[in-house]
Structures are given as C-alpha cells and as structure tokens.
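Have a look at the structure below before the remarks.
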Amino acid sequence: MPETKTKKNEDFNEWYNEIVELADLCDKRYPIKGMNIWRPYGWKLMNNVDGLIRCEMGKTNHQEVYFPLLIPESFFKKEEEHIEGFGSEVYWITHAGTNELEERWLLRPTSETAMYPIFSLWIRSHSDLPLKIFQIVNTFRYETKQTRAFIRVREIHFFEAHTCHKDFDDAERQIEEDKAIADRFLRRLCLPYIFSKRPDWDKFAGAYYTISIDILMPSGRTLQIGSIHQYRENFSKSYEISYETEEGAHAYCHQTTYGMSERLLGAIIGVHGDNKGLVIPPEVAPIQVVIIPIIFKGKEQSVMEACNVLHDKLKDENIRSRVDAREITPGNKYYDWELKGVPLRVEIGPRDLEKNEIVIVRRDTSEKRPIPKKGAEKTIKGELDKIAVTLFNNADNLLNENIHRVLTVDEAKNKKGIIELPWCGKEGCALEVEDILEGNTLGEPIENVECGHTCPICNKPAKTWMRFARMY
RNA sequence: GGGCCUGUAGGGUAGCUUGGCAUCCUUGUGGCUUCGGGAGCCAUAGACUUGAGUUCAAAUCUCAGCAGGCCCA
C-alpha cells in the first residue's frame with residue numbers, strides 16, 4: 001500500500017504540507033511568500049464550497065455584490081480601533097505608473113471600510129433595512145509569520161456578509177440566523193465545530209463582540225474557520241450610516257458581519273484526510289464517483305460502453321462522475337483517485353459484466369463490494385450519503401474526545417485539544433493560564449452554561465467556563 | 001519579534017567536509033507489447049535559488065537577498 005511519506009498521526013504538519021501539493025490542490029512554487037496558485041482541482045473544490053455558501057445566502061435573502069479591491073486611505077481611517085487592528089498588515093499602493101498618488105490606496109484586508117461609506121449613501125429610511133449583502137473575493141493581509149497553504153496566507157479567498165439593521169435586537173436576530181447557516185453549511189462539509197465568544201482583548205478590531213467558529217484539527221490544535229461579529233453602532237457612527245425612523249427621528253444602524261475563508265479547505269484536508277490522501281466530503285467533491293474500466297484485450301468495447309452508460313445514468317441523478325480511460329494500469333488509477341479523495345470508485349471489468357454486476361469501493365472505509373448493475377445509480381447515491389454520515393461521525397468523535405472540562409490547571413496540563421476551565425472574568429488570569437498551558441484563549445461557550453466553580457488562578461468565583469487551545 | 005535548518009531537471013536525491021567531469025530513481029515525450037492494486041522494453045528531453053565576494057577555477061567556501069521548513073515569544 002503506497003502512502004504519504006509522512007504519516008498523518010506522526011507529523012500532522014508535515015503530512016499536511018505534503019498532501020496539498022500531491023493532491024493537486026495548489027502549487028506553492030509561486031515566488032511570493034504566502035501567495036499560492038490554485039490548481040484546477042483545488043479551485044473546483046473551493047468553488048463547490050462557495051456554491052454551498054451562495055445557496056445558504058440565497059435561502060436567507062442575502063444579495064451578492066462586488067466592491068472594489070482598492071480602498072482609499074481616507075475611507076480606511078474613519079474607524080480608529082479597526083485601523084489599529086489591521087494597520088500593520090495592510091498592503092499600500094503609493095504609485096500609479098511613474099506618479100506618486102495624492103492619496104494612498106490599500107488592498108482590502110476585509111471590506112468594512114470600502115462598503116460602509118457607500119452604505120451611508122444607500123441607506124436613508126427604515127424601509128431600506130435590513131440591508132443584507134455578501135461577496136466572495138480575495139483579501140490581502142501582510143502576514144509576517146510562517147505561512148501555510150489554505151491556513152495562513154497573504155492573499156485570502158474570503159466570504160464576507162455584511163448586514164445593517166434598525167436596532168440591536170434585529171442585529172441579534174441576524175446573528176441567530178448566521179449560526180443556523182453555519183450549522184447547516186458545516187454539516188454538508190461533514191465538519192463538526194464549536195462556537196466561542198472571543199475574549200474582549202482578542203475580538204475583531206471594531207466589534208462589540210465576536211463569535212468564532214472553530215474546528216479541531218487532528219494535531220490537537222484548533223482552526224478558526226469563520227467568525228460572526230456584532231458591531232452594534234461602532235462602525236455606523238464613524239461612517240454615518242443612519243436612517244430615518246417611522247417616527248421621523250434619525251438613528252444609527254446596528255451592523256453585523258459574517259466571514260469564512262479558504263481555511264474551510266484546510267479543515268476538510270486536515271480533518272478527513274488520511275495516509276492515502278484526501279477524503280473529500282461528497283457534497284463538494286469535484287468528482288464524486290470515478291469509473292475505472294478494467295480493459296482486457298478483445299473486450300475493450302463492451303467494458304467502455306458499460307462505463308459510459310453508467311456515467312450517463314449518474315449524470316441524470318446529478319452525480320458528478322468521470323470515466324478514467326487513461327492508458328495506464330488500473331492500480332495506478334486507484335492510487336491517483338484515492339490521493340485526490342474521490343469518495344467512491346466504481347470498477348467495471350469483463351467478469352463483472354458477465355454477472356451483471358459492478359464493483360464499488362468506498363474511499364473512507366476502503367470497503368469493496370459488488371452491486372447489481374441494474375439500478376446501480378440509486379445504490380451509488382445512497383452510498384455517497386452513507387460516506388457523508390461516516391465522515392461526520394468520525395470527525396464528531398474526534399472533537400468530542402478532545403474537549404476536556406476540568407477544574408484545575410494541573411488537570412489540564414496533560415490534555416490535548418480544547419480545555420475548558422472555570423474563569424473569573426479577568427484578563428490576567430486567562431493570560432496566566434495561556435502561559436501555563438502554552439496555548440491561547442479561545443473564548444467562552446456561547447450557551448449559558450452555569451459554572452459554579454472557582455477560577456483556578458485567583459480562586460474567586462467563576463463567571464463562566466473559558467476555553468483554551470493551541471491555535472493555528 | 002527571536003533562534004535554528006534547508007534550497008541541485010516537473011518531483012525525490014547523490015556530490016559539498018578536502019573547490020576542477022553533476023549521480024541515481026521517478027516524471028515528461030515518441031513507439032511496441034500490456035491492463036482486477038503503482039507492468040515491461042527501446043528511443044529521447046530535462047537541473048546546481050538570485051546577487052556580490054574569494055579563486056586560475058565555485059553546486060561546493062564567505063556575505064547578502066528571495067523562498068521553504070522547524071522551534072520559541
């Protein structure tokens with residue numbers, strides 16, 4: 001059995017580096033740090049993920065827009081906290097041709113400051129609210145740390161939804177909707193997740209509060225794949241986004257944003273992959289079923305014909321399939337498609353056709369079995385659903401086995417994954433825990449869970465549980 | 001932010017200590033025989049990260065840049 005050179009459970013990071021290029025997702029040889037090339041297979045996968053987002057946005061009445069990549073410095077500077085948060089990691093454009101620009105432009109690190117001055121023009125009346133828009137674009141952040149494909153990059157493929165509401169409560173309802181979207185969407189990617197309310201000292205620059213969406217990588221480190229922000233009036237006051245109420249008064253909008261990035265791919269690779277390569281959740285797999293003809297001299301035609309017939313039937317069922325008719329041996333093809341994470345493989349050879357059967361092989365379990373040729377498309381559809389369930393359950397077990405709720409730092413020390421400790425509410429105590437555990441403060445659970453214990457650092461009564469983890 | 005390591009065909013490598021001819025595997029291309037877990041044979045193509053320095057001579061030594069990787073903060 002050929003496997004990746006580095007084993008996933010021995011050196012996860014190295015395994016990850018190996019697999020992103022082997023599986024043709026990206027090419028890291030572009031000579032700018034943190035800017036990788038999306039190869040066709042990886043880009044298709046990303047597009048399929050984006051497709052699911054668009055589908056969810058459609059269901060919840062968000063409209064897609066596109067704002068320019070460049071932001072004038074004057075727009076950016078209107079919100080102070082935001083600049084402080086992003087100032088050190090923006091790319092500036094200072095020249096055009098041979099001329100120095102009168103006003104500098106920046107590449108969007110995120111689009112608040114591009115959109116909000118325009119929102120103030122768009123929104124005049126309560127009837128213009130709520131405003132719910134989104135875009136899927138590239139954003140730029142000057143990372144100085146170690147970069148990693150899909151996880152820490154400088155050009156980020158990014159989904160961002162921005163909403164404006166008449167009051168705080170309506171914005172809160174938006175956040176409930178966002179949470180429901182995350183739940184449906186991540187289920188389709190077979191990715192179990194947790195919501196955490198980020199600590200005040202580490203929330204998004206300019207936010208009233210931030211909810212992070214994190215998944216657990218098999219290395220025991222968490223990966224933040226998305227965030228939901230409640231801005232309250234923080235931005236609308238700076239950007240003059242106000243409206244006239246039904247009573248004729250003027251009020252500032254309450255705003256939220258929702259962001260997810262290509263890190264979703266990082267999560268899919270890390271959570272589902274194995275030593276044979278990727279395992280892609282069926283919903284987003286560029287190829288869901290690959291059909292391998294087993295050719296013998298003199299029987300090529302009947303075998304190829306059977307492959308093409310199945311391919312057409314699968315197409316009728318809206319299943320993305322491909323017949324691999326390359327002039328290489330079947331074993332070669334098996335390895336290739338396993339590496340690329342195709343969820344289900346079909347083998348069709350002369351022996352099968354004599355028995356009116358075909359052979360299917362699951363990528364996740366390697367289970368191989370013959371099924372009747374007649375009605376195979378239905379069986380295959382059912383099998384893809386089963387694969388999705390297995391992928392989700394395995395990932396869910398991994399997550400649940402690695403969340404540890406404990407009362408003392410000593411108990412926490414030897415645990416891998418996500419630690420939940422009682423917390424008094426003081427930043428200093430959390431930072432001390434970070435030091436001891438060599439991790440970061442992830443945030444508190446968003447459900448109101450009673451914590452009738454004491455803070456392990458200062459022994460004062462705990463206000464809540466607080467999560468700690470090593471993060472990507 | 002600090003420290004350490006690395007860079008040789010598309011991919012993986014040998015050579016570097018002690019300066020002088022660049023090794024092997026794989027991939028690519030053309031052809032023939034094959035095909036139920038990486039088939040075989042023949043032909044053919046392809047590389048020393050960039051710049052400066054030392055030297056008769058640099059893949060090899062020195063410095064700097066760029067890029068990649070690891071560890072710490």
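Everything numeric in this text was worked out from a predicted model, so none of it was measured. Here is the naming used below: chain letters follow the sequence lines, and residue numbers restart at 1 for every chain.
Side chains of Thr390(A) and Arg362(A): a donor-acceptor N/O pair is present below 3.5 angstrom, by distance only.
On the C1' atoms, rG20(B) is 12 Å away from rU55(B), given to the nearest whole Å. Nucleotides rC41(B) and rA9(B) place their P atoms 26 Å apart, quoted to the nearest Å. Between the P atoms of rG28(B) and rG11(B), the separation comes to 14 Å (whole Å). Nucleotides rU8(B) and rU50(B) place their C1' atoms 15 Å apart, quoted to the nearest Å. Comparing the same atom, P, in rA45(B) and in rU49(B) gives a spacing of 23 Å after rounding to whole Å. Comparing the C1' positions of rU23(B) and rG12(B) gives a spacing of 13 Å, expressed to the nearest Å. Between the C1' atoms of rU27(B) and rU13(B), the separation comes to 14 Å (whole Å).
Between Pro31(A) and Lys297(A), it is Lys297(A) whose nearest contact on RNA chain B lies nearer the 5' terminus.
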Could you run down nucleotides 68-73 of chain B 5' to 3' and tag each one B, S or - for protein heavy-atom contact under 4.0 Å?
SBB---
Please tabulate, one pair per line, each protein N/O and nucleotide N/O from nucleotides 7-12 of chain B that are separated by under 3.5 Å, including the distance.
| unit_1 | atom_1 | unit_2 | atom_2 | d |
| --- | --- | --- | --- | --- |
| rG10(B) | O3' | Arg29(A) | NH1 | 2.7 |
| rG10(B) | O2' | Arg29(A) | NH1 | 3.4 |
| rG11(B) | OP1 | Arg29(A) | NH1 | 3.3 |

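Ile436(A) is listed as a side-chain neighbour of Lys413(A), based on a closest heavy-atom distance under 4.5 Å.
Within 4.0 Å of Leu22(A), counting heavy atoms only, lies no atom of the nucleic acid at all.
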